[in-house]
Amino acid sequence: MVPEARSVPRHIAIIMDGNGRWAKQRLLPRVAGHRKGVEAVRATIRACIERGVEYLTLFAFSSENWRRPADEVSILMQLFMRALEQEVAKLHDNGVRFKVIGDTSRFEPKIRELIAGAEAQTAMNATLTLTIAANYGGRWDIAQAAGKLLAAHPDAARGFTPEALDPYLSMAYAPEPDLFIRTGGEQRVSNFLLWQLAYTELYFTDLLWPDFDADALGAAILSYQQRERRFGRTSEQVEAAR
Ligand code: IPE
Ligand code: IPE
Ligand code: MG
């Protein structure tokens, strides 16, 4: 079925980039940008709920971000931990289902416990599913899904369809993103959701993540609504199916 393109995107995935540059412009340490970035996350979650977006997926820490200076990695982990401690109750009150995707085995036990607790507490919520991608890499996701498929169906070693992989991908619970947003001016995917972005509309903005807000989200959604998603078909076919 060709999905209706001119409505609100069901699933928005965002690469929140530009925290460091935001801080640098103000002659502040990079951590100030990350702190301000948390406020932009709050504003974006609120705006998604108001607009009826069902799934919001945020890239918070990539599998490559371990390569940053140790003190920045440690500050990012502290911010993540603090957000888990302080924000989850509020998310729960607002009907948000909280999920984390990525290889969390590398995180401290305390963070892993907080993640498990937050996921369990909010599992039945249905207003918005908020997914945080943490120590996530798109290639890792495809590789781990293939491993799980082969473990469950050894005969898949002789070959399998792309659809056979779907149930083992880390976002199997969500539809594929309709709209991808990257802030910070860079136009690349940086190993975010690779498999799932196959037919996602891409939107890039020069705004730095700490400056992203409800209006910026509105501009991205407006751009999305002006596009025609053809999924391989002709424009005439898409019109006829309306
Ligand atoms: C994004 O902002 C946040 C993370 C990657 C954790 P950056 O920290 O990458 O900011 P810039 O790209 O250096 O400005
Ligand atoms: C992508 O941003 C990862 C996150 C936003 C978490 P980066 O700033 O790490 O990406 P590159 O290094 O510029 O590609
Ligand atoms: Mg960056």
Side-chain angles (χ1 to χ4, degrees), residues 11-45 47-48 55-87 98-108 111-112 114-115 130-144 169-171 174 177 179-197 200 202-213 216-217 220:
H11 183 175
I12 299 180
I14 307 183
I15 296 187
M16 311 182 287
D17 198 17
N19 293 351
R21 280 163 284 168
W22 183 93
K24 195 169 177 189
Q25 283 175 358
R26 289 162 179 77
L27 307 176
L28 294 168
R30 291 178 62 83
V31 58
H34 295 315
R35 276 204 204 100
K36 189 78 180 161
V38 176
E39 286 177 35
V41 169
R42 283 192 206 104
T44 302
I45 295 169
C48 281
Y55 297 85
L56 173 65
T57 303
L58 302 175
F59 205 6
F61 193 86
S62 77
S63 43
E64 289 72 30
N65 286 145
W66 296 106
R67 301 161 109 176
R68 294 196 176 192
D71 59 340
E72 179 165 350
V73 170
S74 145
I75 279 168
L76 285 167
M77 292 299 147
Q78 279 171 35
L79 277 177
F80 188 31
M81 182 132 77
R82 198 170 317 147
L84 284 164
E85 284 168 345
Q86 296 179 354
E87 308 283 335
F98 180 82
K99 302 278 256 179
V100 171
I101 56 167
D103 181 5
T104 52
S105 67
R106 216 175 143 179
F107 293 141
E108 285 176 35
I111 292 188
R112 297 212 304 270
L114 286 166
I115 291 172
L130 169 68
T131 301
I132 303 296
N135 192 21
Y136 180 87
R139 289 177 176 171
W140 165 83
D141 196 1
I142 296 167
Q144 68 80 30
L169 290 160
S170 48
M171 290 209 78
L179 173 62
F180 160 99
I181 299 171
R182 182 173 185 144
T183 61
E186 246 52 86
Q187 303 197 357
R188 55 178 171 250
V189 177
S190 298
N191 201 15
F192 193 26
L193 305 160
L194 297 178
W195 183 277
Q196 299 86 342
L197 291 178
T200 303
L202 306 180
Y203 178 85
F204 299 95
T205 169
D206 288 337
L207 270 183
L208 303 173
W209 177 251
D211 292 326
F212 196 83
D213 59 10
L217 183 80

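What you see is a predicted model, and the numbers here were worked out from it, not measured in a lab. As the structure lists them, so they are numbered: ligands from 1, and atoms in each ligand from 1.
Every residue meeting the side chain to side chain donor-acceptor pair (under 3.5 Å) condition with Asp17, not counting sequence neighbours, appears here in chain and number order: Arg21, Arg182. With sequence neighbours excluded, the residues that form a side-chain contact (heavy atoms from CB on, under 4.5 Å) with Asn135 are Ser63, Trp66, Asp103, Arg106, Phe107.
Note: Ile15 CD1 to Asn191 CG = 9.5 Å, rounded to the nearest 0.5 Å. Within the model, atoms CZ of Arg68 and OG of Ser74 stand 14.0 Å from one another, a figure rounded to the nearest 0.5 Å. A distance of 11.0 Å separates CG in Leu202 from CD1 in Ile181, rounded to the nearest 0.5 Å.
Ring geometry, Phe192 versus Phe59: the interplanar angle falls under 30°, so the pair is classed parallel (tilted spans 30 to 60°). Using a 30° and 60° split on the angle between ring planes, Trp209 and Phe212 fall in the parallel class, below 30°.
Taking both residues in full, the closest heavy atoms of Arg30 and Gly20 are given as NH1-CA, 3.5 Å, listed atom of the first, atom of the second, then distance.
With a heavy-atom cut-off of 4.0 Å, His34 touches ligand 1 through its side chain alone.
A salt bridge does not link Arg82 to Glu85: none of the charged nitrogens lies less than 4.0 Å from a carboxylate oxygen.
Heavy-atom contacts from other residues, nucleotides or ligands closer than 6.0 Å to CZ of Arg42 number more than 12.
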Are any protein N/O atoms closer than 3.5 Å to the N/O atoms of ligand 2? If there are, list each pair with names and the distance to one decimal place.
{"unit_1": "ligand 2", "atom_1": "8 (O)", "unit_2": "Asp17", "atom_2": "OD1", "d": "3.1"}
{"unit_1": "ligand 2", "atom_1": "8 (O)", "unit_2": "Arg68", "atom_2": "NH2", "d": "3.3"}
{"unit_1": "ligand 2", "atom_1": "9 (O)", "unit_2": "Asn65", "atom_2": "ND2", "d": "2.9"}
{"unit_1": "ligand 2", "atom_1": "9 (O)", "unit_2": "Arg68", "atom_2": "NH2", "d": "3.4"}
{"unit_1": "ligand 2", "atom_1": "10 (O)", "unit_2": "Arg182", "atom_2": "NH2", "d": "3.3"}
{"unit_1": "ligand 2", "atom_1": "13 (O)", "unit_2": "Arg188", "atom_2": "NH2", "d": "2.8"}
{"unit_1": "ligand 2", "atom_1": "14 (O)", "unit_2": "Arg188", "atom_2": "NE", "d": "2.9"}
{"unit_1": "ligand 2", "atom_1": "14 (O)", "unit_2": "Ser190", "atom_2": "OG", "d": "2.6"}

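Excluding waters, the set of protein N, O or S atoms lying under 2.8 Å from the Mg ion (ligand 3) comprises Asp17 OD1.
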